[in-house]
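Report on the structure given below.
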There are 4 protein chains.
Amino acid sequence: MTNFLRKGRLKPLERNVLSYTSSLKSDLPLFNHVIKINHAHVLMMIEQKIIDSTHGTMLLKALDSIKKNNIDSSHEDIHMYVEEEVTKRVGSIVGGNLHIAKSRNDQVSTAIRMELREKLIRLISSIIELQSSMNSLAEKHTKTIFPGYTHLQPAQPVTFCHYLISYIDSFGRDIQRLQNAYHGVNLSPMGACALATTSFKINRNRVSNLLGFDDLLENSIDAVSSRDFLLETMAALTVLAINISQIAEDLIIWSSLDFGLIELPDDFASTSSIMPQKKNPDVIEVIRSRMANILGNFLSCATAIRTLPSSYNLDVQETTPILWSSLDTIEKAIQMLSNLFPKLKINNEAMNKPHFNLITSTELANILTRKYGIPFRTSHKIIGTLCRYIIENSLTVTNVTPALLSKIIAEVSGHQLTININDIKSALEPTNFIEAHAVIGGPSPIEAKRMLESRRQRMDALTNWLTTVKKKLAEADRQLKTSKIHYFPK
Amino acid sequence: MTNFLRKGRLKPLERNVLSYTSSLKSDLPLFNHVIKINHAHVLMMIEQKIIDSTHGTMLLKALDSIKKNNIDSSHEDIHMYVEEEVTKRVGSIVGGNLHIAKSRNDQVSTAIRMELREKLIRLISSIIELQSSMNSLAEKHTKTIFPGYTHLQPAQPVTFCHYLISYIDSFGRDIQRLQNAYHGVNLSPMGACALATTSFKINRNRVSNLLGFDDLLENSIDAVSSRDFLLETMAALTVLAINISQIAEDLIIWSSLDFGLIELPDDFASTSSIMPQKKNPDVIEVIRSRMANILGNFLSCATAIRTLPSSYNLDVQETTPILWSSLDTIEKAIQMLSNLFPKLKINNEAMNKPHFNLITSTELANILTRKYGIPFRTSHKIIGTLCRYIIENSLTVTNVTPALLSKIIAEVSGHQLTININDIKSALEPTNFIEAHAVIGGPSPIEAKRMLESRRQRMDALTNWLTTVKKKLAEADRQLKTSKIHYFPK
Amino acid sequence: MTNFLRKGRLKPLERNVLSYTSSLKSDLPLFNHVIKINHAHVLMMIEQKIIDSTHGTMLLKALDSIKKNNIDSSHEDIHMYVEEEVTKRVGSIVGGNLHIAKSRNDQVSTAIRMELREKLIRLISSIIELQSSMNSLAEKHTKTIFPGYTHLQPAQPVTFCHYLISYIDSFGRDIQRLQNAYHGVNLSPMGACALATTSFKINRNRVSNLLGFDDLLENSIDAVSSRDFLLETMAALTVLAINISQIAEDLIIWSSLDFGLIELPDDFASTSSIMPQKKNPDVIEVIRSRMANILGNFLSCATAIRTLPSSYNLDVQETTPILWSSLDTIEKAIQMLSNLFPKLKINNEAMNKPHFNLITSTELANILTRKYGIPFRTSHKIIGTLCRYIIENSLTVTNVTPALLSKIIAEVSGHQLTININDIKSALEPTNFIEAHAVIGGPSPIEAKRMLESRRQRMDALTNWLTTVKKKLAEADRQLKTSKIHYFPK
Amino acid sequence: MTNFLRKGRLKPLERNVLSYTSSLKSDLPLFNHVIKINHAHVLMMIEQKIIDSTHGTMLLKALDSIKKNNIDSSHEDIHMYVEEEVTKRVGSIVGGNLHIAKSRNDQVSTAIRMELREKLIRLISSIIELQSSMNSLAEKHTKTIFPGYTHLQPAQPVTFCHYLISYIDSFGRDIQRLQNAYHGVNLSPMGACALATTSFKINRNRVSNLLGFDDLLENSIDAVSSRDFLLETMAALTVLAINISQIAEDLIIWSSLDFGLIELPDDFASTSSIMPQKKNPDVIEVIRSRMANILGNFLSCATAIRTLPSSYNLDVQETTPILWSSLDTIEKAIQMLSNLFPKLKINNEAMNKPHFNLITSTELANILTRKYGIPFRTSHKIIGTLCRYIIENSLTVTNVTPALLSKIIAEVSGHQLTININDIKSALEPTNFIEAHAVIGGPSPIEAKRMLESRRQRMDALTNWLTTVKKKLAEADRQLKTSKIHYFPK
């Protein structure tokens with residue numbers, strides 16, 4: 001192991017203690033960022049005349065030559081690894097100045113933010129893809145009648161498209177939350193150093209710009225100790241995970257043979273080792289279960305951070321791998337769903353099942369009110385009595401005649417009234433129901449088309465946002481490279 | 001008990017079952033909103049000619065006459081209570097039409113959002129007040145040296161002001177999150193009805209405007225089933241609670257006699273029933289503990305919602321009182337802190353304690369590098385060795401002479417070098433340290449003043465935002481009232 | 001407000017601060033216990049000659065005369081309230097010695113334990129009642145065929161009784177966990193005082209015995225600071241809550257019209273405000289949702305306690321009301337279920353639904369192996385192929401002829417084999433299936449009866465345990481009363 | 001990839017879907033158990049004449065020859081892997097019968113329980129080791145005065161030994177909870193098959209005995225679906241993690257320079273990359289943070305399981321790796337602490353710090369009461385006033401003279417009383433304080449020795465329990481091997 005930092009103040013560390021606290025393994029995704037941070041920092045130090053350009057150039061080149069793949073495990077973290085490697089290449093006179101005016105505390109937070117912003121961009125992109133795959137499916141099902149449930153009991157007919165739009169919309173809000181998180185993430189702590197900035201005349205804005213940040217995380221204590229960007233991200237992931245869980249729940253219930261509303265593709269299901277007839281929704285169950293981990297991970301981090309005293313404590317190191325794990329888990333689930341939706345089969349026969357019999361009864365009540373002037377609450381009671389009568393006598397809506405309805409109206413309200421047979425038929429027909437529900441946000445096919453079109457536009461707008469954000473980061477990268485090459489001999 | 005809704009479809013409910021599921025008690029904060037929703041809905045129905053204006057006027061007046069205070073407990077919820085009371089007043093012919101084209105499902109979600117937006121406004125306002133109380137305290141302490149810690153070990157001197165700004169800034173981000181949540185909350189579900197909108201020709205935008213919403217929550221399934229607005233709010237409260245917990249932790253540790261950096265006011269402390277010398281930080285401990293409940297509450301709700309199938313399920317009813325409880329708990333904690341900060345006493349002697357002895361040693365290393373050209377990593381090792389020497393020989397920084405330093409420099413680096421006594425003295429003096437750390441976001445008094453001024457401006461901007469938001473709601477209220485009175489006979 | 005304790009060391013408290021930290025409201029359930037603790041403590045002090053018997057008798061009588069109902073809210077907690085009331089009655093010379101050799105720290109923990117043990121006894125008793133109600137229902141359904149599901153897909157037939165036994169058994173383990181918790185709860189902290197015991201010559205065992213404890217919680221720091229008894233209880237409640245949630249989930253899914261396996265009694269359901277046909281499982285949904293709170297409550301407390309430094313901190317005060325709330329929530333849910341089960345209607349027709357068609361196919365594979373010597377994995381493949389054939393050709397098991405089977409056997413395994421028609425019929429008949437599954441723990445009616453009988457015996461044994469435990473507490477109460485009266489003048 | 005099971009019922013799986021749901025990686029610790037289960041199952045099948053002994057012997061040998069190390073990743077899980085490997089070795093005629101009368105559902109649960117019981121044994125063993133290391137340290141510190149804190153404020157003197165015993169005792173209860181969990185874990189689900197047992201005449205008890213289980217998990221639905229054994233274990237780990245967190249918190253606070261009560265060994269600390277004087281408690285911080293994950297992991301699993309319908313769902317597969325991760329995290333933390341405690345340095349000078357000045361004041365109040373007959377509440381007020389006087393006048397207890405005390409007594413109580421100077425001195429001397437607190441569970445050195453001796457005995461008893469448990473498992477292993485070899489040709 002290495003005692004790079006300890007030679008002065010402390011006696012050497014035992015190997016098992018080092019391996020207990022080392023973050024090297026979970027630091028690996030940060031490698032490129034740490035190199036860039038050091039590049040930007042060195043460039044700024046040259047410009048601010050904190051180090052001379054000869055030494056600076058040597059540092060820049062040494063940083064360029066470090067490779068990620070052969071890191072030996074005897075380092076505290078990626079930050080010390082990079083400094084040691086630089087020092088090996090350029091000697092301790094030059095390399096010894098790489099760490100002027102910075103500290104691991106600001107560098108750690110900066111590197112995590114750089115990795116996180118990339119992962120957020122990728123995640124948002126995945127969600128848009130999933131929305132798009134749902135949108136395409138929805139376009140095929142604007143007229144596919146599907147039972148709407150409340151309390152898992154048949155409520156009113158909608159379309160399968162209408163369900164899909166409700167998912168697309170909730171994912172839209174998830175994206176909004178991830179964008180909000182992005183703005184909190186993309187702030188630069190560099191220059192905060194240990195917690196009190198530095199007495200060297202650094203230029204924090206220059207480093208921030210070279211690394212593509214939108215702004216500084218100004219106060220230096222705040223800059224090194226705050227982890228609300230991590231918690232906000234994980235909270236947004238938690239809400240997203242709950243949305244995904246609910247979709248998984250729907251898919252599992254709907255594809256149960258008892259519901260029989262949809263059929264999962266064979267390649268997303270498995271059979272039993274003993275029961276030959278089984279087709280189990282394995283993939284969806286795994287998705288559902290892993291979404292619970294996102295919630296658990298949030299708790300781990302929130303609890304770990306909750307009572308830390310101000311400024312940097314090593315406890316926060318342990319929250320980073322949990323963040324990566326949550327992001328990875330969510331992204332994989334979204335990819336699975338993106339692949340699944342196009343293959344989903346809707347069972348068009350399902351609406352014929354006898355228990356959907358009474359699903360349009362609200363509309364019958366509405367017609368009593370709208371056309372026959374019965375107060376709605378009375379209509380509700382009349383049709384409720386009708387429903388009970390139908391159920392208790394094992395009838396179906398096809399048995400609803402004007403005579404029967406008149407009898408029940410008289411019983412419930414004391415009024416004599418004859419309802420036109422066509423009104424009854426029309427009210428009870430799901431297709432009519434759907435078309436009649438044509439207000440904004442309703443399930444009618446015409447409104448569905450309008451909604452799908454507007455969602456497609458939102459996706460385009462989001463894709464544009466992503467392009468802008470990525471361009472800004474690419475431009476900073478280009479700047480960093482150009483500035484660096486400027487010092488290299490031709 | 002009442003069987004208002006059940007007379008048709010179901011047999012009566014037992015009293016204990018009713019009292020088990022009734023949400024009436026936790027619905028009380030929603031009363032005014034439910035009245036307003038009904039007002040807006042009736043107005044829209046008149047305008048859309050769904051009901052005639054005579055009946056409509058009777059409904060509007062009846063709604064006006066219902067009082068919150070004498071609700072008897074035999075109702076399922078506030079929504080049925082209001083409908084029943086209206087019906088009592090105007091009879092079932094007129095009253096029976098109040099519920100045309102709406103459902104409890106959309107009305108519940110609408111009313112919760114109306115209450116929540118008010119509570120969010122009040123909460124943001126409280127946080128600004130707390131920031132302001134901290135800002136005022138900070139202005140008095142721009143030069144008060146205070147130990148900066150990392151890992152609960154003395155790190156570098158900062159000022160007490162600098163700590164306070166770090167808190168103000170983290171609260172600033174909390175406010176941002178609550179504003180984001182506000183935008184997701186202030187959307188109108190009305191018109192979604194049970195889950196499929198309605199066949200009546202309603203005007204969803206009109207109701208939304210009369211109730212002060214920014215927009216519709218469009219898709220009707222989404223409108224009744226989504227609770228991400230609640231989870232997003234509670235997640236924001238959780239991050240806020242963690243910020244508060246960390247401040248509580250600081251105050252408890254700093255006011256321990258061993259730290260002795262601050263003293264809590266007597267009226268925020270209590271003594272022991274047995275140990276006469278005790279002064280315990282009771283209030284802060286209670287704050288710290290209650291902040292854990294905010295996290296637990298979030299998890300209760302997240303877990304309750306996680307695997308609900310699409311659309312409305314009664315499970316979500318149970319999340320609402322938890323939301324109110326979290327908001328109340330947070331607000332009280334913030335008020336306590338707002339009262340506490342102005343009374344906080346800083347112990348100016350604390351920095352004289354011998355263990356702060358080495359707290360400026362980073363600056364000594366910096367000077368070796370900056371003035372004497374020693375590579376920073378070598379300076380770090382030299383001063384680390386010096387620190388160990390001082391500790392092992394029970395010395396203090398006053399014992400650091402040029403001779404001692406030269407001896408250690410020689411030992412560590414092999415170089416002969418004499419450090420000027422004034423450089424040593426200057427480096428080790430905390431006041432110099434603070435002033436030298438003058439980069440953006442650093443603890444120097446000048447930078448502190450700039451930061452405090454900019455925070456003050458941000459608070460003003462937030463207060464303006466609040467004013468605008470409140471004006472919009474007040475304007476909608478005025479509109480609702482005017483539109484209503486329009487139908488009343490002079 | 002009262003400044004009973006503060007007159008020496010600290011300045012008075014503000015009213016709003018007092019009301020913020022006062023635990024008086026949530027202390028009310030502790031009132032009787034606090035009186036008993038003081039009785040026991042005074043008796044012990046008389047016996048140990050720490051106070052004389054005249055003063056002691058005055059204290060005992062004064063304690064007897066305090067009533068719970070008129071507590072004014074200006075007290076820190078129930079402990080100070082009782083001491084003040086005693087002092088009011090007997091003056092400060094005598095009353096001033098009530099608190100010799102004890103502290104709130106030990107008294108709080110003792111009183112919570114006394115209340116908790118009673119609540120645990122009551123809860124265990126409720127669970128036994130629920131088990132008993134399920135056992136009675138199960139006895140009626142030992143032959144009622146019911147679909148067994150895995151992955152929510154039909155798997156194999158069982159009986160409804162078999163399901164109920166699985167619930168009874170999981171509740172049995174919940175009871176075991178609550179009994180384990182009881183043993184950790186029923187330990188006496190009294191005598192630990194603030195955290196270091198006392199220099200008075202007290203007799204901790206005497207107090208412990210008079211209060212019905214099984215033993216001392218010995219080490220005095222441990223005695224005042226440990227809250228693992230609370231966490232262990234809440235963890236046991238959490239696992240219990242998850243068992244209840246799973247039952248709720250089953251009931252909601254099984255009573256959906258699509259599953260249609262059971263029907264909930266009308267008085268546990270409600271209808272919709274708009275959809276007249278609806279019958280919603282409201283009570284079960286509320287149960288399911290509230291069980292999530294038990295988990296959230298556990299996390300609140302675990303988080304609050306996690307990083308407290310050793311010994312007493314006021315944070316723990318806030319965990320007590322959460323404990324009471326969880327116990328109350330669980331108990332009510334169990335009572336609801338106890339009332340529900342006897343009214344549950346099983347739909348005997350449900351097994352006739354076409355999609356249960358292939359539910360016995362495992363047995364057909366078993367018979368191929370057992371009677372015809374086909375290796376099981378080959379049988380599994382043969383019947384799997386048969387199932388796919390049936391599904392793809394929209395057939396049912398009634399179409400399975402020896403000829404069809406022979407054809408598939410030949411296809412899959414290359415063998416010529418004729419299966420007897422009676423073997424096919426017998427394998428596919430659910431009643432045969434159930435009877436053939438007669439190993440220990442299986443669904444056969446004979447085994448069911450044996451299991452039900454053995455569960456009944458376990459319930460009796462548990463009831464006996466409860467009786468013993470309650471007797472011990474009653475005996476301690478009797479002892480306390482006798483010892484007290486001994487000092488009272490005839 | 002392999003389509004071993006799918007050839008009949010379903011079309012092939014895509015590779016990315018397989019790798020998403022495969023549990024093979026986290027199944028690896030189960031390999032040996034799966035082999036044993038198959039051995040025991042085959043032996044039982046031979047004995048029950050379900051398969052003949054020639055085939056049985058071939059299966060037993062084939063199982064013996066499978067190695068863990070070269071598993072290719074294209075398998076659903078370890079269970080299918082083993083069956084396929086056997087089939088490769090003995091052909092499908094013989095190998096095809098390995099899965100008669102069992103299912104993955106029962107086999108998975110059985111294998112997890114076998115691994116878990118081993119891990120529980122190892123964990124309990126580690127905790128005993130930690131207790132033992134603390135006990136040894138405690139023996140050296142029975143007279144080392146150490147400040148007792150409540151609310152992080154100095155309360156009363158205890159000894160360092162006394163603190164250590166409080167930790168030993170809380171770990172003792174953790175062990176009890178893990179033993180309770182063990183009893184719930186060590187039950188055999190084998191024979192439950194998919195969820196309904198089997199129509200083959202198996203002997204469940206025989207398999208259970210050969211695998212070292214204490215009993216059957218009887219009801220077959222319960223056997224495959226219950227995961228309360230996992231939740232109970234993880235709940236016990238959570239409470240244990242909180243105990244460890246609290247110890248970590250103590251160590252971090254006590255080793256802060258401001259407290260300065262203990263010093264951590266250099267090899268458990270690290271320095272800063274920038275501040276040369278730093279010695280940070282890295283290891284303890286990492287321990288503290290990782291303990292939060294145990295809580296988060298519990299939530300993940302509890303949430304994943306909470307609303308699963310009865311019987312097996314694949315969601316539970318995802319909880320197993322989380323269980324292993326929690327056990328591993330806890331065990332490592334315990335090992336770190338076991339290594340740390342012997343190296344811990346107690347700062348004997350710490351008690352001399354001025355702010356411990358008033359730490360014995362309770363005893364002064366006690367003496368006023370015990371020797372001078374002042375009611376305790378009055379004594380408390382007198383000494384409280386004295387404390388305030390000392391603090392406000394910057395005095396110390398050495399300034400407490402009989403005259404000063406008399407003056408304050410007169411002020412507070414109106415009485416004239418002279419306190420003997422020796423009583424004052426004796427009361428204020430920490431060593432006297434400790435010795436005077438000699439009741440059961442108190443900090444006096446004599447009582448400490450008795451407690452340490454009794455703890456040592458408890459550890460011995462636990463070690464004996466472990467030996468018995470391990471013997472039973474070893475005996476079952478021996479039986480399994482003997483029974484197996486019986487069929488092998490000499």
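Computed from a prediction, not measured in an experiment: that's the story for all the values here. A, B, ... follow the sequence lines: proteins, then strands. Residue 1 opens every chain. All heavy atoms count here, side chains included; hydrogens, waters and symmetry mates do not.
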### Query
Looking at side-chain heavy atoms only, is the closest gap between Leu308(B) and Glu249(A) below 4.5 Å?
no
### Tyr163(A) versus chain B, the contacting section by heavy-atom distance below 4.5 Å
both
### Task
Using a cut-off of under 4.5 Å on heavy-atom pairs, state which of Thr303(A), Thr150(A), Ile305(A) scores highest against chain B.
Thr150(A)
### Query
When heavy-atom pairs shorter than 4.5 Å are enumerated against chain A, which of Ala436(B), Ser444(B), Ala192(B), Ser413(B) gives the highest number?
Ala436(B)
### Task
Taking atom types as modelled, find out whether Ser220(A) and His162(B) have a side-chain donor-acceptor pair closer than 3.5 angstrom.
yes
### Query
Looking only at atom types and distance, does a side-chain atom of Arg173(B) sit under 3.5 Å from a main-chain N or O of Asp228(A), one as donor and one as acceptor?
no
#### Entry: Shortest non-hydrogen contact from Asn219(B) toward Ser166(A)
OD1-CB, 3.2 Å
### Query
So, do Phe298(B) and Phe298(A) have ring centers that fall under 6.0 Å from each other?
yes
### Query
Who among Ala438(B), Cys387(B), Gly384(B) has the most heavy-atom pairs with chain A under 4.5 Å?
Gly384(B)
### Choice from Val158(B), Asn180(B), Asn105(B), Leu240(B) maximising heavy atom contacts with chain A below 4.5 Å
Asn180(B)
### Query
With respect to chain B, which residue among Ile382(A), Asn313(A), Ile367(A) yields the maximal number of heavy-atom pairs within a distance under 4.5 Å?
Asn313(A)
### Summary
Interface check, chain A: of Ile165(B), Thr362(B), Leu217(B), Ile168(B), most non-hydrogen pairs under 4.5 Å belong to Ile165(B)
### Query
Which answer fits Met291(A), side chain, backbone, both or neither, if we ask what part of it has an atom under 4.5 Å from a heavy atom of chain B?
both
### Message
Need one label for Leu295(B): side chain, backbone, both or neither, based on atoms under 4.5 Å from any heavy atom in chain A.
### Response
side chain
### Donor-acceptor contact present, side-chain Arg377(A) to main-chain Ile93(B), <3.5 Å
no
#### Entry: Portion of Ile391(B) that has a non-hydrogen atom of chain A nearer than 4.5 angstrom
side chain
### Query
By a 4.5 Å heavy-atom criterion (distance strictly below it), what part of Ile408(A) contacts chain B: side chain, backbone, both, or neither?
neither
### Summary
Scored by heavy-atom pairs under 4.5 Å with chain B, the best of Gly441(A), Gly95(A), Gly442(A) is Gly441(A)
### Query
In terms of heavy-atom pairs under 4.5 Å with chain B, which of Ile253(A), Leu314(A), Thr378(A), Asn203(A) leads?
Leu314(A)
### When His183(B), Arg227(B), Arg177(B) are compared by non-hydrogen pairs under 4.5 Å with chain A, the top option
Arg177(B)
### Query
If you count heavy-atom pairs under 4.5 Å between each of Ser170(A), Ala448(A), Ala223(A), Ala292(A) and chain B, which one has the most?
Ala292(A)
### Task
Describe, in one word, how the ring planes of Phe376(B) and His99(A) are oriented to each other, choosing from parallel (under 30°), tilted (30 to 60°) and perpendicular (over 60°).
tilted
### Non-hydrogen atoms of Val439(A) and Thr198(B) that approach each other most closely
CG1-O, 4.1 Å
### Query
For the atom pair CD1 (Ile50(B)) and OG1 (Thr369(A)), what is the distance rounded to the nearest 0.5 Å?
11.5 Å
### Task
Apply the test salt bridge (Lys or Arg N to Asp or Glu O under 4.0 Å) to residues Glu218(B) and Arg455(A): give CA-CA distance (whole Å), side-chain angles for both, the deciding distance (0.1 Å), then the verdict.
CA-CA 11 Å; Glu218(B) 204 173 85; Arg455(A) 271 57 179 173; 2.8 Å; yes
### Message
Looking at every non-hydrogen atom in both residues, tell me the closest pair between Asp250(B) and Pro309(A) and how far apart they are.
### Response
OD1-CA, 3.4 Å
### Query
Are side-chain N/O atoms of Ser310(A) and Gln246(B) paired as donor and acceptor at under 3.5 Å?
no
### Separation of His151(B) NE2 from Tyr312(A) OH (nearest 0.5 Å)
6.5 Å
### Task
Return the option, out of Ala181(B), Ser226(B), Ser245(B), Ala248(B), with the maximum number of heavy-atom pairs under 4.5 Å with chain A.
Ser245(B)
### Task
Please flag which part of Leu216(A) lies under 4.5 Å from any non-hydrogen atom of chain B: side chain, backbone, both or neither.
side chain
#### Entry: Side chain proximity check, Pro375(A) to Val94(B), heavy atoms < 4.5 angstrom
no
### Query
Taking side chain as C-beta onward, heavy atoms only, is Thr238(B) less than 4.5 Å from Leu231(A)?
no
### Query
Heavy atoms, side chains only, cut-off 4.5 Å: are Ser225(A) and Tyr149(B) in contact?
no
### Query
Checking side chain to side chain donor-acceptor pair (under 3.5 Å) against Ser199(B), which of Glu435(A), Glu363(A), His437(A) comes through?
Glu363(A)
### Validation row: Leu195(A), Gln156(B) side chains within 4.5 angstrom (heavy atoms)
yes
### Query
Atom CD1 in Ile242(B), atom SG in Cys301(A): separation rounded to 0.5 Å?
9.5 Å
#### Entry: Which atom of Ala196(A) lies closest to which atom of Pro443(B), heavy atoms considered
O-CD, 3.4 Å
### Query
At a heavy-atom separation under 4.5 Å, does Asn205(A) approach chain B through its side chain, its backbone, both, or neither?
side chain
### Query
Do Tyr167(A) and Ile221(B) come close enough that some side-chain heavy atom pair is under 4.5 Å?
no
### Query
Ignoring hydrogens and geometry, is there a side-chain-to-backbone donor-acceptor pair from Arg204(B) to Ile440(A) under 3.5 Å?
yes
### Task
Would you mind telling me which of Ala236(A), Ala302(A), Cys193(A) has the largest number of heavy-atom pairs within less than 4.5 Å of chain B?
Ala302(A)
